[in-house]
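Quick note: numbers below take in every heavy atom, side chains included, and nothing from hydrogens, waters or symmetry partners. To find a chain, count down the sequence lines: A is the first, B the second, and so on, and within it residues start at 1.
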Amino acid sequence: MKESNEQETVLHARNVHKTYGSKGGAQQVLKGIDLRVLRKEFVGIMGPSGSGKTTLLNVLATIDRASDGAIFIDNEDISTMSSAALSAFRRNKLGFIFQDYNLLDTLTVKENILLPLSLGKISKQRAEREFTAIAEVLGIRDLAHKYPYEISGGQKQRTAAGRALIHQPSIVFADEPTGALDSKSASSLLSVMDEVNRNRGVTIIMVTHDPVASSYCNRVVFLKDGKIYSELYRGEKSRQSFFKDIIDVQAVLGGDHIDGI
Amino acid sequence: MTVFDLALRSMRQNVKQYYLYFFALIFSMSLFFVFASLQHDTQVQRLLESSVNFSAAFQSAAVLLVVIIGIFTMSSNRIFLRRRSREIGLYQLIGLSKGWAARYLLMENLLLGLGALFAGILCGALISRLFVLILLELLHLDGMPAIDFSLPAAIETTFVFILVAVITSVQIITMIYRSTLLHLFQADRQPDLSSQSPTILTAIYAVLGIVLIGYGYELSGRMVDEQLVMNALLVMAATITGTYILFRVTIRWCFTWLRRRKNGHLGLYNSLSLAPLMHRMKGNANSLTLITVLSALTITLVTMAYSFYYSAEQDTRMAIPYDFTFENNPQDAQAFTADLESSGIPFKHYTVEAVRTTGVIHNPLDPADSREGSLLWLPAEQLQRAGGQLSVPAFGEAVEYDAWAQNAYDDIDLSGRYPTLIDLQSESQTKSYVLKELKVENLVNFDISGKQLAVSEATLDEIARRMSGTEHFEKVQIAAYLISDQAELALASSLYEKYRPDQYTATDFYSSYQTTLQTSGLLIFIAAFLGLSFLASTGSILYFKQMTEAEQEKQSFRTLRQLGFDEKMIMKGIMRKQMVVFLLPLCIGMLHSFFAVRAASFMIISDITIPTIISVGVYAAIYILFALFTLGYYRQVVNKALLL
Ligand SMILES: Nc1ncnc2c1ncn2[C@@H]1O[C@H](COP(=O)(O)OP(=O)(O)OP(=O)(O)O)[C@@H](O)[C@H]1O
Ligand SMILES: [Mg+2]
């Protein structure tokens, strides 16, 4: 293993294009994205609605294939990996928080969260410990035996977060994880993600509309019309001043309304 | 735009949504049309006129067919409506009234139904000829069937269509007026929650289901007595209710217990089988019960009919061991011998000297129940020489032979009645003989009257001596013929015809066999027709239901694939679910029919293990085919899940 872990690239996208539809009604959504994500980085992706954030996330997360360009994860070109290898990779190494939660209606909160651990070699006791710990942090322990239709949108989102983190993935992809949360729940979820990122060294790539959420990141990438418009690094700045920077870029970018802090 | 225009337009746009329901309607209509055409076919009509049994069988089959068509269209319509509940909710959301939505759906239903009626009659007309051919082949009748369209059949089919249209319309109206908007939109979201906490009461219910089925099985083993109809109804009620409770409570109870034990650590495979099964347990209970009962019914029906057909020859042979016999008629026998010789038919001829008396047979179980009747005493040694397979009883002992013994008494178990005594009264004294046992076959043809009793020649001599003066005593000389070459039987039978004492009932082996073959041929045809219709309906109901569930679970499959579970893993879980959905009703249905066949098997003399295995095997094979189709459909859905 290389020692310079601070500089190690986990994910590298090169000139990624994505086109939806066939030639006649083709719509180019990603128009050449270059992005390099380092290990242990917490990257935010922002941009107006329809700018291609979810699409980019899906392509990076190997859920969708790029039309053109190359993506390397741990220096391996994913376009050359078989779909079985990609599945195994997603199952073991990646965690997902989807924009519309994608919980299984037929499973309880606990069953949903424990799903990624099935087929793995983790003992039941350890799984139980992991679950208790994560449910405690996310504040959904009391909901363990409830079904998705019985809980609120925010509780669903926290359940989805639990499912994304339970198997200790090396990269977590989050699509607007705070979209349905009030500011208090949002900040507690973000603290969890921050903690996971700092202490466990999990790389996080998060799409968000919320400048508060993205102020937790090390870096924010702005998308516009399928291209990277600009990037902001937090560096040694405080969260408040990083937040102001983000708002400034957003104002120029337009499209999104701005909520106060 | 009128409701009519909209219905027509939406129909054209949504053929894909409709095609299942449409197919179900067409299938039902053509099925009934084929059956009605058969009933009105001139050749078949001639057959029906010849026997009351035939027309009764056809009539009851028609009723059963209408019932199954009703059940089938209702189930498909329910599935169809559920699939469209969102659309129906949407109409109301944009401000259209419930009345409008009802009118719209009714109009659409009527148009679909009329289309299906025409298509069904057309398909039916094309294939009904084929069915007539199969029927005539089974009955060993020749003659090309006439190729004409049956108008009365079309009219009857239209009546059935009206019935179906009324039922489905009522269904649509209740569905629209009963359900709330939220209900329409969340049709599939909410799990069936009443399963959450197993209480003592549900535990009692859970056991009750099994007890009821057990009681039904137990009763079926001893139901053949004076209250046969009452008992049969009781058995059916107990098993059907038990089956419903089994699916509704017992199995759910097991599932809940299993899931609870997992305490959240469900794993992928259970998440794809146990969880969705429990999610829809209430709806599934109805359809699984229906399918179990229909499977049991079909298997029993087909097994019994096939057993009749299969054992026709053996059963006839047991009742009529000799091809031809003459009783006390040496002139005719001699003439017949001459006829056979001049036609060059090889044969064996035997003469058996028996006696007939009256006597009283005691019932050891009930001293008051002793029966007086005509007894035919047959010498065992002579029968042995005449090709009979029997041993010679000891002096003073007799063995009873009766091919129809199981029908003769009310109770199925006859072993308690033997050994017993036969009293023969001559002048003033009574002598008893031991009746050792009963054998379920005949020693001589059934038309030679009297209870057939085999004794040794010494015993026979003594009986003849003692009884010769009594009122009903009679010496019986039996001339028996066996034709060595089976191919000559038909010719021999026609030679025999002019000696037949009674012109209407045939007593020779060949003619009886032909009659049995025709009856059982018709029986097996009707059973196979009904069986296939039942099977197609149950299979289709399951297939439709699973298809709809696959659509509903598409999002889950997609999520699972995104989380990194590949197609093989997901299919493994789905396979588990399909095992429960398809195999559980099949196995329970087979168990039900096992007991039903056992209870009904007294109607057949021969052993029916082989025909039972064959008909159950054929049923299971076609049924499994539907399961494979379903799995194929699921595979497609899982495959495409990621590309959305
Ligand atoms: N499966 C698809 N087929 C065709 N077009 C699609 C598909 N998915 C997304 N698009 C189009 O691609 C564009 C970008 O969609 P995307 O979901 O990436 O936007 P987004 O940035 O995530 O927006 P939002 O903030 O609203 O979630 C949109 O114009 C959308 O219409
Ligand atoms: Mg999005």
Side-chain angles (χ1 to χ4, degrees), chain A residues 57-58 61-65 82-96 98 100-120 122-128 130-132 135 144-150 160 163-164 166-167 169 173 175, chain B residues 182-183 185-193 195-197 255-256 259-281 284 549 552-570 572-574 577 638-639 641-644:
Chain A
L57 206 66
N58 284 346
T62 76
I63 285 172
D64 209 346
R65 296 248 184 208
S82 72
S83 73
L86 280 181
S87 286
F89 178 75
R90 283 202 296 274
R91 200 166 66 243
N92 300 320
K93 293 280 165 60
L94 306 186
F96 299 93
F98 299 102
D100 33 18
Y101 332 125
N102 289 1
L103 299 175
L104 269 59
D105 286 332
T106 52
L107 300 185
T108 62
V109 166
K110 186 175 179 185
E111 287 162 353
N112 261 299
I113 291 178
L114 285 171
L115 199 55
L117 291 183
S118 65
L119 302 188
I122 293 169
S123 75
K124 199 173 159 180
Q125 287 88 332
R126 226 191 99 198
E128 188 69 30
E130 293 286 339
F131 169 77
T132 320
H145 297 292
K146 287 216 183 307
Y147 286 89
Y149 92 101
E150 296 173 290
R163 186 179 64 185
I166 187 101
H167 57 307
F173 293 91
D175 199 348
Chain B
L182 190 69
H183 194 91
F185 278 103
Q186 291 206 327
D188 193 53
R189 283 264 146 123
Q190 291 192 21
D192 173 25
L193 277 180
S195 63
Q196 287 308 291
S197 51
F255 281 175
T256 313
R259 193 171 188 175
R260 200 157 272 219
R261 240 178 43 133
K262 295 270 175 206
N263 186 27
H265 302 260
L266 212 50
L268 177 71
Y269 302 139
N270 284 327
S271 301
L272 281 166
S273 51
L274 193 62
L277 277 171
M278 286 178 72
H279 193 71
R280 287 183 262 272
M281 206 60 214
N284 279 338
E549 281 186 21
Q552 287 165 345
E553 283 171 43
K554 209 185 213 154
Q555 179 57 44
S556 298
F557 300 150
R558 189 173 172 217
T559 304
L560 287 171
R561 300 242 358 220
Q562 288 174 334
L563 292 180
F565 296 103
D566 63 32
E567 191 199 322
K568 258 196 219 134
M569 298 165 174
I570 296 174
K572 222 164 151 182
I574 291 172
K577 179 178 139 191
V638 174
N639 243 328
L642 250 196
L643 307 173
L644 209 110

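- For B:Lys568, no part sits under 4.5 Å from any heavy atom of chain A, backbone or side chain.
- Residue contact with chain A, scored on non-hydrogen atoms closer than 4.5 Å, is absent for B:Leu274.
- By the 4.0 Å N-to-carboxylate-O rule, A:Glu111 lies close enough to B:Arg259 to be salt-bridged with it.
- B:Gly267 approaches A:Ser118 most closely through the heavy-atom pair CA-CB, 3.4 Å.
- Along residues 84-94 of chain A, the residues that come nearer than 4.5 angstrom to chain B, judged on non-hydrogen atoms, are A:Ser87, A:Ala88, A:Arg90, A:Arg91 in order of number.
- Between atom CG of residue A:Asn102 and atom CD of residue B:Gln555 there is a gap of 4.5 Å, rounded to the nearest 0.5 Å.
- Taking 4.5 Å as the limit, every side-chain heavy atom of A:Leu114 sits out of range of all side-chain heavy atoms of B:Leu266.
- Interface remark: of the candidates B:Leu268, B:Asn270, B:Asp566, B:Leu563, B:Leu563 forms the most heavy-atom pairs closer than 4.5 Å to chain A.
- Only the side chain of A:Phe98 comes within contact range of chain B, judged by heavy atoms closer than 4.5 Å.
- No donor-acceptor contact under 3.5 angstrom links the side chains of A:Lys124 and B:Asn263, judged on distance only.
- For A:Arg163, the part sitting under 4.5 Å from any heavy atom of chain B is the side chain, from C-beta outward, and nothing else.
- Under the side-chain hydrogen bond (donor to acceptor under 3.5 Å, both in side chains) criterion, B:His265 pairs with A:Glu128, sequence neighbours left out.
- The greatest number of non-hydrogen atom pairs below 4.5 Å with chain B, out of A:Ile113, A:Leu115, A:Leu117, A:Thr62, is found for A:Leu115.
- Residue B:Leu277 holds its CG atom at 10.0 Å from OG1 of A:Thr106, rounded to the nearest 0.5 Å.
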Could you please spell out the steps behind the side chain to side chain contact (heavy atoms under 4.5 Å, CB included) verdict for A:Phe96 and B:Thr559? CA-CA 10 Å; A:Phe96 299 93; B:Thr559 304; over 6 Å; no
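- Residues that satisfy the ring-ring contact (aromatic ring centres under 6.0 Å, His included) test with B:Phe565, not counting sequence neighbours, are absent from this structure.
- Residues satisfying the side-chain hydrogen bond (donor to acceptor under 3.5 Å, both in side chains) test with A:Asn112, not counting sequence neighbours, are none.
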